[in-house]
Amino acid sequence: MKTSFYIVVNEIGSVRAVKSKPDLKWNEISIKLQLELHDNLFTKPQFNATITIPDINTNNVQIESNSIESMESAIETATGYKIRLSLDDKFSTK
């Protein structure tokens, strides 16, 4: 993405940004800036997961603690982002 805008600065250091050429007060100057940003900066990673639980007695399903660490590691390897996952037990009586 390419965009241009003006930074307006006054004599006491207040700053504002405007898209079109500004009307200046007696104590202001403007600086025209052109900014180029790579489109990937605006792309957020999207993750998809499929969990299949067989049609058996599922009252005692357990997730190994290393599963979360494996998911964190896989996401970090794929995206370069370090994340922290946690699970909340909504049925907890604590």
Side-chain angles (χ1 to χ4, degrees):
M1 173 186 73
K2 293 181 182 181
T3 186
S4 62
F5 56 96
Y6 294 84
I7 298 291
V8 179
V9 182
N10 72 15
E11 64 182 6
I12 61 171
S14 293
V15 177
R16 63 187 166 99
V18 295
K19 188 67 176 161
S20 57
K21 188 171 182 176
D23 291 327
L24 299 175
K25 296 178 184 173
W26 65 272
N27 65 343
E28 294 179 322
I29 63 165
S30 68
I31 303 166
K32 184 175 182 180
L33 297 175
Q34 294 188 351
L35 184 63
E36 292 184 33
L37 299 172
H38 195 278
D39 291 338
N40 285 344
L41 292 171
F42 299 98
T43 304
K44 295 181 179 155
Q46 296 181 7
F47 302 102
N48 295 305
T50 301
I51 299 172
T52 303
I53 299 173
D55 189 15
I56 58 173
N57 181 0
T58 58
N59 293 333
N60 196 16
V61 173
Q62 294 183 357
I63 299 174
E64 299 293 328
S65 63
N66 66 0
S67 296
I68 291 173
E69 290 148 0
S70 297
M71 285 187 270
E72 289 173 345
S73 177
I75 292 169
E76 183 177 354
T77 300
T79 66
Y81 293 105
K82 190 169 193 91
I83 65 162
R84 176 75 55 202
L85 297 175
S86 64
L87 296 174
D88 292 330
D89 183 0
K90 68 179 180 180
F91 300 108
S92 177
T93 57
K94 294 180 187 176

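- With sequence neighbours left out, the side chain to side chain donor-acceptor pair (under 3.5 Å) criterion links K19 to T3.
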Which side-chain N or O atoms in residues 5-13 pair as donor and acceptor under 3.5 Å with protein atoms at least two apart or in another chain?
unit_1, atom_1, unit_2, atom_2, d
N10, OD1, I12, N, 3.0
N10, OD1, G13, N, 3.1
N10, OD1, S14, N, 3.0

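- Placement of I31 and V18 in two distinct hydrophobic clusters is found when ILVMFWY residues are connected by side-chain heavy-atom separations under 4.5 Å, directly or transitively.
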Can you give me every donor-acceptor pair (side chain of residues 20-28, partner residue at least two apart or in another chain, under 3.5 Å) with its distance?
unit_1, atom_1, unit_2, atom_2, d
E28, OE1, R16, NH2, 3.2
E28, OE1, K25, N, 2.9
E28, OE2, R16, NH2, 3.4

